Amino acid sequence: KRKCSQYSGITRPYRHILMKIVFLTFSCGFSLPMLLAFRSSDYGTTYTKLNLMPGTTIVVTSFYICPSNKKKVILVGSSINERDQMLFISTDEGSSFQRQVIDFTPETLLFHPKEEDKVLAYCKEGRLFASSDLGRKWTLLQERVTKDRVFWSVSGVDVDPDLVHMEMQDASGGNLYVTCHIQNCSEKMVTAQFLGKIDRNSLLVQDDYIFVKVTTGNRTKHYVSYRRNEFVQMRFPKYALPKDVQIVSTDENQVFLALQEWYQSDTYNLYQSDPQGVYYSLVLENVRSAKQPEESVLIDVLEVRGVKGVFLANQKIDGKVRTLITYSKGRNWEPLAPPTTDMNNKPVSCKAPDCQLHLHLRWADNPYVSGTVHTKDSAPGLIMGAGNIGSKLIEYKEEMYVTSDCGKTWRQVFEEEHHILYLDHGGVIVAIKDTSIPLKILKFSIDEGRTWTIHNFTTTSVFVDGLLSEPGDETLVMTVFGHISYRSDWELVKVDFRQSFSRQCVDSDYESWGLTDLQGERCIMGREQTFRKRKDTSFCIKGKSFTSVLSSKSCSCTEKDFNCDFGFERSFTEADRCFADFWFDPDSPPEDCHLGQNYESSTGYRKVISNACEGGLNKQQSAKKHSCPLLPPRRLQVGIKGQMLAVAPGDDITFIIHQEQGDTSSTKYQVDLGDGVRAIYQNLTVTDEPIQHRYESPGVYRVTVKAENGAGHDEATMYIQVTAPLHEVHLEVVPIARRNQEVNLTAVVLPTEANLTVFYWWIGDNLQPVLTLQNSLLTRFPNTGEVSVTVQASNGRSMVKDTRIVRVYDKFHVLPVSFSRNLDRYNPNIPEWRDDIGQVVSKIVSKSTGIPQESLVTVVKAGLPTTADLYILSGDSTAGQNRMAVDKVHTHTHRHTHTHTHKLNSTETFSRHVLSILDAYPPLCFRKLRGNHSIYAQMHNEKEQEMTSPVNHSEDTQHIIQGDEFIDDDLDTHTLGVVLRINSRELQSYVTS
């Protein structure tokens, strides 16, 4: 089927139609530079192109209509190159527009629900603007605001109409629920309404309720505020352990929600609350769900409009989906009764309980198609939907069924799914087949779907995208919109049914019908209701003055008017009996029960919210009344506002103490902040008195709170880390390692006084880090080649990282190197200095011996005295090149040793003599010393690290050079000299191999 997932700019302001005409690609994508805007003021008979800026092409991206005054319209647009962003403002239903240039790019606009000139604008980068003059002037309210989590004040609940509720990020990246006024929303004027951080995308402001959620570890807690009172944790059955919660509705002074429990994957359970939205009871299990784009979740439940308390839901059990209906807002659920005949009036072989009617309740992909189930407030009892009869719902079967008595009896009307539109309070039902082929005809019924008339709405076949009508239930004018071909413009066809009716209806044109459930019970939600509908033989217009309710009277209360209370479940064998869950004690006092007050034990029942029954049975009345006892404090908690466990010295900290159970009015709270500050508070968790403190010195502090009254005590402890943010970390590791040889990784953190730092070590391609509290780690590299090693250091306030590359070989030589003590005086013991010294030594050795520098790596070790290791890697040098290096070394050594006077061949000389290299490299000087002091480096075999030498190591004779004794006579005394003394045995191993 050809359906677009998005449509842009179609709306229905009274008799004026404002339409954006877009050129669609085959995949329904928009070609933005060709956007045009048209306006119709005669129900879509004619359209006039809007010339917003004569001589300039304007791209209109979206437009918005004020909900409290349909004459006021704002179009959002830009120049063809998108450089100039602008609004086009109309106060006369789009007859004329005023251009307003803006310096931001709005993604969405949000009109105030009551005050017509106030608008909010949200930008993609998270900025939120406000205007009080219909978009002519804008003020930046806040940055880092979460998309779709901005709400105007709710009339009748919020005192100030200029209040804005929003979810925003703080400086640390956490999310907060805050409010402010559009006149002043600076950082100092923003008010945090929930103490602590909340989960991203969790704020919801709806009617009397505000919802947030907080996840700590693997547990999520949901909180609700009723009529702007303090937030209270929402109470579900103890072992529900919710994975996700979706709000279904909040009208009629009750929260109706879907909760996915720990064992569910593609289903949710339906729950209802008490009026405050705190305590929840189960009403239906295993309702089907589906994941939608942008991670939204669709719950397969539908409220039937026009009759209060009626819902449809698709329940999924053992892979089978069945449609259920309730007339008591979830108190009882029943399957839909199948029709007795098909659309040709032939008997249907479908009998309960093995066969029922099932409907697709999912929302339509196209926002201008009203969905697969159609109900209307002004057409009570009229329900039309797509589905099938059988033992379960079949996804690909979309036969159309209709009921005019609110689900008691059903009729099949079509074999395929159709677009449906109700006109004139349901007096006219329009249907167009939902198909991928172009159409010319539509069908309409004026007798609630019993008979249908075919009408040619166009002479040219059209691919139908959807149907729309103007707001208001009384209209008889509609528009069909679609395309003649996949690459054509939108085709708009007006269909006017007014000419089909010659007069307005009078009282004699109506007949009454009484609402009943599937068992014929007349009392629905505590009322007997009688509605009126037009007679099948009357061809008249219901019009604006039509009202559907004829009479309504209260019933006496019976068992069916009560649901199970919190902590109780309905019996499987006795449908009207509720029994206490194993974890719930009905006689236990409520959490807000204070000494001197009284409470009643729950009977297990509570009246269905919005049920209007009077007198009769009262299952809520309890025979047990109790005095609130003095309860010991239980489940005491201490935390920090913002949920921080690490702060900087001098930061202002606000401690929060929360006690979930027990008396608070007569409880004393002894607080020890760990740094010698102690205090005693009375009634702390009731007055919500903040405990503010500031730690001046770094360290780890133990904060304890002890709550005590005459019935008992409880204690809570937390540890807070006071430390400055980490500046940097340096990973120290040998750049050369032998395969399967143990290697030490060390992380040097600055500042060095940082405490409680956690180190994350990533080695190679392993995605699972190793965590340590020590700044070092021993490891091995099993394979040769280059291995990346990364360390991340975190202390709760910041995280820094460093990465090094380690080359892993099977064979190499290591020569320990020591320097004269003069160098220690100039060793700052920092990684950069050690790296520079290592490069100097490698260059000198390479230049003096002819060994390629890429085969030499010098690693200067941390600390004093200054020492190093010279790594000599296996290279591709030829024997001739090695001999040249040996000869050079021999000549240079003979010049400075003075210890051997007899002549030896070059190999023997290299093996048994001490090599001294003395030269001056002004560009590579470590540091110029006072006087004639030189710095010497010795290489010897105090620590033998090479295990793969192909020759036997003979005993070595070392000659230690110290002081100025062996300074070369040619060395400028004002220039730093470098003396390297290398043990001949290790270097000989490299050369001869």
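In this text, all values refer to a predicted model and were calculated from it rather than measured experimentally.
- Between the OH atom of Y47 and the CG atom of D42 there is a distance of 8.5 Å, given to the nearest 0.5 Å.
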Quick one, V402 with I383, criterion side chain to side chain contact (heavy atoms under 4.5 Å, CB included). Give me CA distance, side-chain angles, the key distance, then yes/no. CA-CA 6 Å; V402 65; I383 307 173; over 6 Å; no

One pair to check against side chain to side chain contact (heavy atoms under 4.5 Å, CB included): K433 and E416. What are the steps and the verdict? CA-CA 7 Å; K433 184 184 294 186; E416 297 175 288; 3.1 Å; yes

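- Listed by chain and number, the residues in a side-chain contact (heavy atoms from CB on, under 4.5 Å) with T48 amount to none (sequence neighbours excluded).
- Neither side chain, E167 nor N201, offers a donor N or O lying under 3.5 Å from an acceptor on the other.
- In this structure, the separation between CG on L476 and CG on L423 is 6.0 Å, given to the nearest 0.5 Å.
- In this structure the side chain of Q142 reaches within 4.5 angstrom of the side chain of V190, judged on heavy atoms.
- Atom CG of L52 sits about 11.5 Å away from atom CG of L87, to the nearest 0.5 Å.
- Residues T179 and Q193 have side chains that bring a donor and an acceptor to within less than 3.5 angstrom of each other.
- The OG1 atom of T451 lies 13.0 Å from the NZ atom of K443; values are rounded to the nearest 0.5 Å.
- Between V101 and Q85 there is no side-chain heavy-atom pair separated by less than 4.5 Å.
- When the side chain to side chain donor-acceptor pair (under 3.5 Å) test is applied to S131, the partners found at least two apart in sequence or on another chain are D133.
- Put simply, the side chain of Y122 gets close to the backbone of V145: a donor and an acceptor are under 3.5 Å apart.
- Taking 4.5 Å as the limit, every side-chain heavy atom of T479 sits out of range of all side-chain heavy atoms of S469.
- Checked options K535, R503, K542; the residue passing with D509 is R503 (criterion: salt bridge (charged side-chain N to carboxylate O under 4.0 Å, His left out)).
- With sequence neighbours excluded, the residues that form a side chain to side chain donor-acceptor pair (under 3.5 Å) with R127 are E125.
- Side-chain N or O atoms of S40 include one that pairs as donor or acceptor with a backbone N or O of T46 at under 3.5 Å.
- When the shell of 6.0 Å around NZ of K308 is examined, it contains 12 or fewer heavy atoms from other residues, nucleotides or ligands.
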Set out, in order, the CA-CA distance, both residues' side-chain angles and the distance that settles salt bridge (charged side-chain N to carboxylate O under 4.0 Å, His left out) for D208 and R228, then state yes or no. CA-CA 8 Å; D208 292 341; R228 309 309 183 254; over 6 Å; no

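- Although no hydrogens or angles enter the test, the distance criterion places a donor-acceptor pair under 3.5 Å between the side chain of Q100 and the main chain of R136.
- Contact detail for G277 and V224: the closest heavy-atom pair is O-CG1, 3.3 Å.
- Closest heavy-atom contact between K440 and T460: CG-C, 4.2 Å.
- To the nearest 0.5 angstrom, M168 atom CE is 13.5 Å from Y177 atom OH.
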Test side-chain hydrogen bond (donor to acceptor under 3.5 Å, both in side chains) applied to K494 and T45, step by step: CA-CA 6 Å; K494 172 187 173 182; T45 302; 2.3 Å; yes

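- Under 3.5 Å, the side chains of T146 and D148 contain no donor-acceptor pair of N or O atoms.
- Side chains of L75 and M86 form no contact here, defined as non-hydrogen atoms less than 4.5 Å apart.
- Residues L50 and F38 have side chains not in contact (no heavy-atom distance under 4.5 Å, counting atoms from C-beta outward).
- The disulfide bond (SG atoms under 2.5 Å apart) check on C505 picks up C540, with sequence neighbours excluded.
- N456 and T458 are not linked by any side-chain donor-acceptor pair at a separation below 3.5 angstrom, with hydrogens and angles left out of the test.
- At a cut-off of 3.5 Å, with distance as the only test, no side-chain donor of S153 or D158 sits close to an acceptor on the other residue.
- The shortest heavy-atom contact between G381 and V307 is N-CG2, 4.1 Å.
- No donor-acceptor pair under 3.5 Å is formed between the side chain of R532 and the backbone N or O of L550.
- For D162 against D160, the heavy-atom pair with the smallest separation is N-OD1, 2.9 Å.
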Start with the C-alpha distance between F211 and I247, add both sets of side-chain angles, then the distance that settles side chain to side chain contact (heavy atoms under 4.5 Å, CB included), and finish with yes or no. CA-CA 9 Å; F211 304 92; I247 305 299; 3.9 Å; yes

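- Using bins of under 30°, 30° to 60° and over 60° for the plane-to-plane angle, the ring pair W452/F414 lands in the tilted bin.
- In terms of modelled atom types and a separation under 3.5 Å, the side chain of D424 and the main chain of G426 share no donor-acceptor contact.
- Between the S78 side chain and the D84 main chain, no donor and acceptor come within less than 3.5 Å of each other.
- Within the 4.5 Å cutoff, side-chain heavy atoms of L442 are placed close to those of V430.
- Not one N or O on the side chain of R305 forms a donor-acceptor pair closer than 3.5 Å with the backbone of K376.
- With S249 contributing its side chain and D251 its backbone, the two residues share no donor-acceptor pair below 3.5 Å.
- Using the six-membered ring where Trp is involved, Y226 and Y209 have ring planes that are tilted, between 30° and 60° apart.
- In this structure, CE in M384 is found 11.5 Å from CD in E448, a value given to the nearest 0.5 Å.
- Applying the disulfide bond (SG atoms under 2.5 Å apart) criterion to C123, with sequence neighbours excluded, gives no partner residue.
- A donor and an acceptor atom, one from each side chain of Y422 and H374, are nowhere located under 3.5 Å apart.
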Determine, stepwise, if the pair W152 / I182 fulfils side chain to side chain contact (heavy atoms under 4.5 Å, CB included). CA-CA 10 Å; W152 277 109; I182 59 174; 3.9 Å; yes

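- The ring of F88 has its center no closer than 6.0 angstrom to the ring center of F63.
- Of all heavy-atom pairs spanning S95 and R39, the tightest one is N-NE, 3.4 Å.
- Taking the six-membered ring where the residue is Trp, the centroids of F546 and H425 are separated by under 6.0 Å.
- Proximity of a side-chain donor or acceptor of N229 to a complementary backbone N or O of S225 within less than 3.5 Å is not detected.
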So E93 and K71, salt bridge (charged side-chain N to carboxylate O under 4.0 Å, His left out) or not? Walk me through it. CA-CA 4 Å; E93 296 180 293; K71 293 184 178 181; 5.7 Å; no

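- Counting only heavy atoms from C-beta outward, the side chains of V480 and V495 approach each other to under 4.5 Å.
- For the pair T250 (side chain) and V255 (backbone), a donor-acceptor distance under 3.5 Å is absent.
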Which donor-acceptor pairs under 3.5 Å do side chains of residues 102-112 form with protein atoms, sequence neighbours excluded?
| unit_1 | atom_1 | unit_2 | atom_2 | d |
| --- | --- | --- | --- | --- |
| E107 | OE2 | K147 | NZ | 2.7 |
| H112 | ND1 | K114 | N | 3.0 |
| H112 | ND1 | E115 | N | 3.1 |
| H112 | NE2 | P161 | O | 2.8 |

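- Of all heavy-atom pairs between F501 and I541, the closest is CB-CG1, 3.4 Å.
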